[in-house]
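Worksheet: the structure to be examined is printed underneath.
Small disclaimer: the values here were computed from a predicted structure and weren't measured. Note on naming: letters A, B, ... go to the chains in the order of the sequence lines (proteins, then strands), and numbering restarts at 1 for each one.
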2 protein chains.
Amino acid sequence: MRDVATLAGVSQPTVSRVLNQKYTTIPISDETRMKVIAAIDALGYRPNMHARSLRTQQTQLIAVLVADITNSFYPQIARSIQQIARHHGYDVMISNSDHVHEYEQHFCETMIRRTVDGIILVPFHLTEFDLHELYRETKTPIAVLGQQINHPQIDVVYGDDEMGVYEVTDWLIHEKKHCRLGYVGVSDVFPPGERRRRGFLRAVEHANIDVQTVCMLESDFTLEGGKQIGQYLLRLDSLPSALVVANDTMALGIMLALQDRGIRIPEDIAIVGYDNIPETTIIRPTLTTLEQNPAEIGTTLVNLLFERIENPDLPSRRIKIPNKLIIRNST
Amino acid sequence: MRDVATLAGVSQPTVSRVLNQKYTTIPISDETRMKVIAAIDALGYRPNMHARSLRTQQTQLIAVLVADITNSFYPQIARSIQQIARHHGYDVMISNSDHVHEYEQHFCETMIRRTVDGIILVPFHLTEFDLHELYRETKTPIAVLGQQINHPQIDVVYGDDEMGVYEVTDWLIHEKKHCRLGYVGVSDVFPPGERRRRGFLRAVEHANIDVQTVCMLESDFTLEGGKQIGQYLLRLDSLPSALVVANDTMALGIMLALQDRGIRIPEDIAIVGYDNIPETTIIRPTLTTLEQNPAEIGTTLVNLLFERIENPDLPSRRIKIPNKLIIRNST
DNA sequence: TTGTATGCGTTATCAT
DNA sequence: ATGATAACGCATACAA
């Protein structure tokens with residue numbers, strides 16, 4: 001910047017003013033501006049964001065932590081966030097926790113040392129207290145995908161998965177007349193695990209079905225995990241007539257394992273998933289599932305975040321993204 | 001840091017020395033170190049990376065640009081990069097170009113203003129000249145996934161896709177006795193487009209098959225694009241007996257469109273893809289494809305990058321990741 | 001073994 | 001409308 005100033009025959013702060021003219025009201029003569037711009041072009045000067053960040057305490061950067069970048073659900077969120085952020089002149093730093101607690105914590109540590117202007121994350125192990133600490137240390141606007149978080153300065157977006165699973169289970173029972181049900185969830189250490197299981201059980205009880213007769217299983221969100229559940233089901237004396245699965249990826253694994261051994265879907269067993277990832281339309285039969293609209297989730301998160309960046313004292317908001325039952329051929 | 005120094009009763013540089021003791025040889029008395037560490041804990045002090053970066057010109061950050069984060073191939077690369085980087089104490093900033101030229105350029109712009117310690121990218125539109133400019137402006141180690149790049153300071157990882165497509169086509173012709181072939185590629189503006197088409201045509205010519213008899217089509221890497229190709233094929237008087245497709249995602253779309261109209265795979269038409277993304281094992285029949293090992297690609301890229309970060313004057317290296325034919329049920 | 005002084009590249013406050 | 005000067009938080013050359 002000093003070189004630019006020298007070449008333009010002005011002082012270094014004047015160059016800075018030309019650069020920041022949009023954001024300030026300080027007047028600059030046309031002649032000076034021309035000279036400075038010419039010098040910038042001649043030297044190929046580019047401002048140094050580290051220095052600017054140090055001085056302004058702003059970064060023009062937002063950070064995003066997703067829970068599993070290899071699960072198609074999250075890249076779609078990340079992508080819509082990045083699109084809007086770009087529009088606002090912000091860069092996006094995407095990270096991946098792989099559902100691992102330690103990596104989630106490491107992300108928070110990083111955010112404390114490497115401050116950013118906003119944080120979007122999908123907390124699985126991080127508690128409300130952890131996020132409170134994160135906010136206390138960073139004072140940075142935060143938006144999360146996670147119904148379980150309640151914090152006065154943190155915006156929350158969520159799909160109402162307890163209700164969603166309740167409704168799809170209810171639909172299986174009353175519309176599709178299933179009474180031998182099974183459920184494949186994930187551990188309660190993951191917040192969606194408990195909520196989705198509860199939704200399932202509520203529907204079962206509401207239908208006066210004996211909870212003892214339903215088959216409750218648990219796996220780990222992954223295709224492999226789903227396959228193992230499939231193997232397990234094959235060893236049972238009799239299959240449930242319908243299976244509610246807590247995410248699509250596991251549902252796919254279950255379908256593959258069952259079909260490998262000649263089980264017909266939906267004739268022998270109906271299956272519903274959760275998320276509506278693209279693979280649900282690739283598998284045959286196509287998978288009935290509860291849609292979580294990832295583009296809308298991403299858009300909502302980033303819009304909330306930018307509103308809070310502009311106005312940090314906003315009261316926290318909770319936005320429910322409606323789930324939608326997508327009926328396909330697996331039921 | 002000054003507060004820590006005051007509390008510990010030492011000077012600010014002494015605190016800095018305690019913090020950086022691992023990387024320097026300056027001796028510090030045990031007593032001083034204890035006092036400083038106690039003060040750091042008491043105040044919950046965390047170093048500010050922006051200030052550190054400004055001073056050291058290092059960031060402990062590497063940037064990754066992938067071509068399409070919603071294509072399962074890339075998240076696997078990103079994930080293995082992030083794992084190794086974490087091990088080295090580096091953070092990773094993942095970006096997504098969506099194959100859009102403007103976004104690739106925007107990424108380069110960002111890298112110039114927001115310097116990082118290393119860059120990994122998958123250039124689709126960026127030319128050797130663009131990367132040369134990037135290097136000239138940043139002087140930052142660069143590693144790319146892209147056979148078309150030749151630059152004395154840039155490390156290159158690539159799958160030999162021309163040879164791969166040649167071999168799989170050759171295999172279809174000689175082992176599987178196909179002679180009515182079709183090829184679905186992508187535009188030559190994408191570097192893999194030209195290479196893969198060339199591999200296909202070389203095999204056709206080598207088998208003395210009249211090029212006029214083969215069906216050459218073009219789409220855009222996506223599932224939707226593949227479906228449209230499928231529609232197009234259905235309107236043909238006769239299908240090719242075997243189709244070589246330039247990536248798995250398009251191959252899936254083609255299969256779905258054809259199967260919707262009762263075409264049997266592989267009986268009516270055999271199909272091979274490229275990449276070996278997870279979806280290839282979800283679709284039925286499972287898709288025969290050429291594997292590009294994304295984890296190995298990511299690992300190789302990031303290892304090359306760290307070697308160059310440690311030793312910037314290394315001559316550039318080109319590492320070929322072997323393709324492997326995965327024979328499944330679509331052929 | 002530690003302290004003093006300086007500068008990394010900006011923006012912001014004050015003059016003029 | 002512009003220039004001097006200071007400060008952001010840290011690491012390092014030099015002195016002691």
Open item on the list: Expressed as a whole number of angstroms, how long is the span from M49(B):CE to dG9(C):C1'?
Closed with: 17 Å

Task: Distance in angstrom units between D3(B) CG and dC10(D) P, rounded - done: 10 Å

Task: Polar side chain donor-acceptor pair, D117(B) to T59(B), under 3.5 angstrom - done: yes

Answer with base, sugar-phosphate or nothing: what part of the nucleic acid does [X] contact at a heavy-atom distance below 4.0 Å?
X	result
S29(B)	sugar-phosphate
T14(B)	sugar-phosphate
T56(B)	sugar-phosphate
Q57(A)	sugar-phosphate
M1(A)	base
R33(A)	nothing

Task: Residue whose nearest DNA chain D nucleotide is more 5′ - I28(A) or Q12(A) - done: I28(A)

- [ ] Would you please confirm or rule out a distance under 4.0 Å between OP1 or OP2 of dC8(D) and any side-chain N or O of N48(B)?
- [x] no

Open item on the list: Can you tell me how the ring of H101(B) sits relative to the ring of H125(B), calling it parallel under 30°, perpendicular over 60° and tilted otherwise?
Closed with: parallel

- [ ] Look at the side chain of R52(A) and the base of dT10(C), then say whether one donor and one acceptor between them are separated by less than 3.5 Å.
- [x] no

Task: Donor-acceptor pair (no angle test) under 3.5 Å: R17(B) side chain, dA11(D) base - done: no

- [ ] Show your working on side-chain hydrogen bond (donor to acceptor under 3.5 Å, both in side chains) between R114(A) and N48(B) and close with a plain yes or no.
- [x] CA-CA 6 Å; R114(A) 196 187 296 283; N48(B) 175 318; over 6 Å; no

- [ ] Begin from the C-alpha positions of T127(A) and D130(A) and carry the test side-chain hydrogen bond (donor to acceptor under 3.5 Å, both in side chains) through to its verdict.
- [x] CA-CA 5 Å; T127(A) 64; D130(A) 293 326; 3.2 Å; yes

TODO: Just compare dT10(C), dT4(C), dG9(D) and give me whichever is closest to any side-chain atom of A51(B).
DONE: dG9(D)

